[in-house]
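Sequential numbering from 1 along the given sequence is applied to the chain's residues. FYI, side chains are in, hydrogens and waters are out, and symmetry mates aren't considered; it's all heavy atoms of this structure.
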Amino acid sequence: MEMEPTPIINYDYYFNSNEWFIIVSLLAGYALIFFLPKRFPLPLTLLFLIIGVNSGIIFDHTISIPPFDFYDVNDSSYFELFDFLSYIQYGPFGYLFFYFHSYLKIKGYFNMLYIVMWSIIAMFTEGIATYLGVFHYKEGYVFIYSYPFYFYIQSLTLAIYLYIMKVTKIPQKYPPHQ
């Protein structure tokens, strides 16, 4: 069975709030990482940034392309430069998720509370991004449907982080993690 090509939908033709949101998020996120005290060696920092970017790409593409096609990103349904940049902005969120887990020394049942908190932060950020035109919902998708996806990806990401920290020897010049 051959799939019909999806027609291109244009939402916007101008450089405006959605592009500015992505630029500001990128600059602020990566600047924050640069200026925060270092908690991880460079290879782990890069890995955590990549995990953030990949989880954004995987889960966005899981539900934003056919057969689901629940939303479009930025100015049109066609992939463009700012769509790519919007995926790179997930990197700092992933890194900060790990950073604050380490900084706060979260353990036990507080991991669940931490996941809930970060899922709410993700929802808040998505709400702002949607208001500014980064996301355009379709096919009956509504904002609240995103929460289970965030909860799932935060849970999976935390499990990966805990495993990485368990098997990795962190040099003593970095703060203790647990």
Side-chain angles (χ1 to χ4, degrees), residues 18-64 73-74 79 81-132 134-135 143-178:
N18 60 323
E19 287 88 2
W20 281 114
F21 176 80
I22 292 168
I23 290 169
V24 169
S25 294
L26 278 169
L27 293 176
Y30 284 97
L32 182 60
I33 290 169
F34 182 78
F35 289 112
L36 279 172
K38 304 303 174 231
R39 294 198 67 79
F40 308 107
L42 182 60
L44 276 183
T45 297
L46 295 175
L47 176 63
F48 295 159
L49 288 168
I50 290 168
I51 288 171
V53 170
N54 276 342
S55 38
I57 290 171
I58 289 168
F59 283 90
D60 270 2
H61 278 281
T62 299
I63 62 172
S64 72
V73 180
N74 287 311
F79 190 80
L81 173 64
F82 273 89
D83 296 352
F84 173 74
L85 295 176
S86 73
Y87 294 133
I88 294 174
Q89 82 181 10
Y90 287 114
F93 286 101
Y95 176 82
L96 293 171
F97 178 79
F98 301 130
Y99 185 94
F100 287 114
H101 189 278
S102 168
Y103 180 79
L104 297 170
K105 296 180 175 35
I106 306 285
K107 292 182 182 175
Y109 291 111
F110 288 105
N111 283 311
M112 184 63 68
L113 182 61
Y114 191 73
I115 291 167
V116 169
M117 181 193 76
W118 271 91
S119 298
I120 292 169
I121 290 169
M123 291 291 293
F124 179 75
T125 305
E126 180 181 328
I128 293 170
T130 301
Y131 178 77
L132 295 175
V134 175
F135 299 111
F143 173 72
I144 198 67
Y145 293 171
S146 295
Y147 187 83
F149 289 100
Y150 290 125
F151 188 84
Y152 176 75
I153 190 60
Q154 303 296 359
S155 300
L156 183 62
T157 303
L158 184 59
I160 292 168
Y161 166 75
L162 292 173
Y163 175 76
I164 289 169
M165 297 310 287
K166 182 179 177 181
V167 300
T168 304
K169 180 153 175 53
I170 307 292
Q172 284 188 335
K173 73 177 187 174
Y174 297 97
H177 295 276
Q178 290 296 333

Would a distance-only check, ignoring hydrogens and angles, find a side-chain to backbone donor-acceptor pair under 3.5 Å from [X] to [Y]?
X      : Y      : answer
Ser155 : Phe151 : yes
Ser25  : Ile22  : no
Asp60  : Ile57  : no

Among all residues two or more places apart in sequence or in another chain, which pass the ring-ring contact (aromatic ring centres under 6.0 Å, His included) test with [X]?
X      : answer
Tyr90  : none
Phe135 : Tyr71
Tyr152 : Phe59

Compare every heavy atom of [Y] with every heavy atom of [X], then report the nearest pair and how far apart it is.
X      : Y      : value
Pro41  : Tyr174 : CA-OH, 3.3 Å
Tyr114 : His101 : OH-N, 2.9 Å
Phe149 : Tyr145 : CD1-O, 3.4 Å

Side chains of [X] and [Y]: does their closest heavy-atom pair fall under 4.5 Å?
X      : Y      : result
Ile106 : Phe100 : no
Ile121 : Phe97  : no
Phe98  : Thr157 : yes
Ile23  : Leu26  : no
Met165 : Leu44  : yes
Phe79  : Phe84  : yes
Ile51  : Ile164 : yes
Leu96  : Leu36  : yes

Exercise. Starting from the C-alpha separation in whole Å, work towards a yes-or-no answer on side chain to side chain contact (heavy atoms under 4.5 Å, CB included) for Ile120 and Tyr147.
Key: CA-CA 8 Å; Ile120 292 169; Tyr147 187 83; 4.3 Å; yes
Quiz item: What do you reckon, are the aromatic ring centroids of Phe40 and Phe48 less than 6.0 Å apart?
Solution: yes
Atom [atom1] in [X], atom [atom2] in [Y]: separation rounded to 0.5 Å?
X      : Y      : atom1 : atom2 : answer
Thr130 : Phe143 : OG1   : CZ    : 7.0 Å
Ser86  : Leu81  : OG    : CG    : 10.0 Å
Leu132 : Asn74  : CG    : CG    : 11.0 Å
Glu126 : Ser119 : CD    : OG    : 11.5 Å
Ile58  : Tyr87  : CD1   : OH    : 11.5 Å
Thr125 : Trp118 : OG1   : CH2   : 8.5 Å

Quiz item: In terms of heavy-atom contacts, does CE of Met117 have more than 12 from other residues, nucleotides or ligands at under 6.0 Å?
Solution: yes
Quiz item: Is the number of heavy atoms from other residues, nucleotides or ligands within 6.0 Å of OH (Tyr150) greater than 12?
Solution: yes
Quiz item: Honestly, is Lys38 close enough over Phe34, meaning NZ or CZ under 6.0 Å from the six-membered ring centre and within 45° of the axis?
Solution: yes
Practice problem: Applying side chain to side chain contact (heavy atoms under 4.5 Å, CB included), run through Met123 and Ile144 and close with a yes or a no. | Solution: CA-CA 8 Å; Met123 291 291 293; Ile144 198 67; 4.2 Å; yes
Quiz item: Please walk me through it: do Thr168 and Tyr163 pass side chain to side chain contact (heavy atoms under 4.5 Å, CB included)?
Solution: CA-CA 9 Å; Thr168 304; Tyr163 175 76; over 6 Å; no
Practice problem: Please state whether the rings of Tyr103 and Tyr99 are parallel, tilted or perpendicular, taking 30° and 60° as the class boundaries. | Solution: parallel
Exercise. Walk me through it: do Ile128 and Phe124 pass the test side chain to side chain contact (heavy atoms under 4.5 Å, CB included)?
Key: CA-CA 6 Å; Ile128 293 170; Phe124 179 75; 3.4 Å; yes
